[in-house]
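Worksheet: the structure to be examined is printed underneath.
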Amino acid sequence: MEMRIPNSEYEPSKLFSFLCGILRGSRRERLLSKFVENECEKIDRLMELYMRYSDRVKAETERVNQLEPDSEMDEDVLYNRKLESGLYTLQLIAVILGHLWSSE
């Protein structure tokens, strides 16, 4: 059975791997210029995704805390639940935004 990744999660992952592969040169400058086109609409989209995934991770954390307020949940289980709710994608988006912000 093939695992399908939703487009909204796949796009930041693809962009992150592409950014890591381009360290210098005209290809990097061309990619960075894409983020300031059309009044920075791509950065706005990244911010929308960041907010959506941030809300999902917060909601999952609160849900877990409400389900078992007294019992100690294993940290690995809690971390896996956060990952399932979009933590990895949230982290990728944060790194992409940080990279864009620090670029000249």
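A donor-acceptor distance shorter than 3.5 angstrom exists from the side chain of Arg56 to the backbone of Ser85, with no hydrogens or angles considered. Of the possible polar contacts, none joining the Ser54 side chain to the Met51 backbone as a donor-acceptor pair under 3.5 Å is found.
Ion pairing between a basic and an acidic side chain is recognised when a charged N comes within 4.0 Å of a carboxylate O; Glu84 and Arg81 show no such pairing.
Rounding to the nearest 0.5 Å gives a distance of 10.5 Å between NZ of Lys82 and CG of Leu90. Rounding to the nearest 0.5 Å gives a distance of 8.0 Å between CD of Glu41 and CD of Glu37. Lys34 NZ to Ile43 CD1: the interatomic distance, rounded to the nearest 0.5 Å, is 14.0 Å. Between the CG atom in Leu87 and the OG1 atom in Thr61 there is a gap of 8.5 Å [rounded to 0.5 Å]. Taken from OG in Ser33 to CG in Leu31, the straight-line distance is 7.5 Å, to the nearest 0.5 Å. Distance check: Phe35 CZ to Ile96 CD1 gives 7.0 Å after rounding to the nearest 0.5 Å.
In terms of heavy atoms, Glu39 sits closest to Asp44 at O-OD2, 3.9 Å. Met47 and Leu97 get closest at one heavy-atom pair: SD-CD1, 3.5 Å.
In this structure, Leu100 and Leu46 have side chains that are in contact, with non-hydrogen atoms separated by less than 4.5 Å.
With sequence neighbours excluded, no residue forms a side-chain hydrogen bond (donor to acceptor under 3.5 Å, both in side chains) with Gln91.
Transitive grouping of hydrophobic side chains (ILVMFWY, heavy atoms separated by less than 4.5 Å) brings Tyr53 and Tyr79 into a common cluster.
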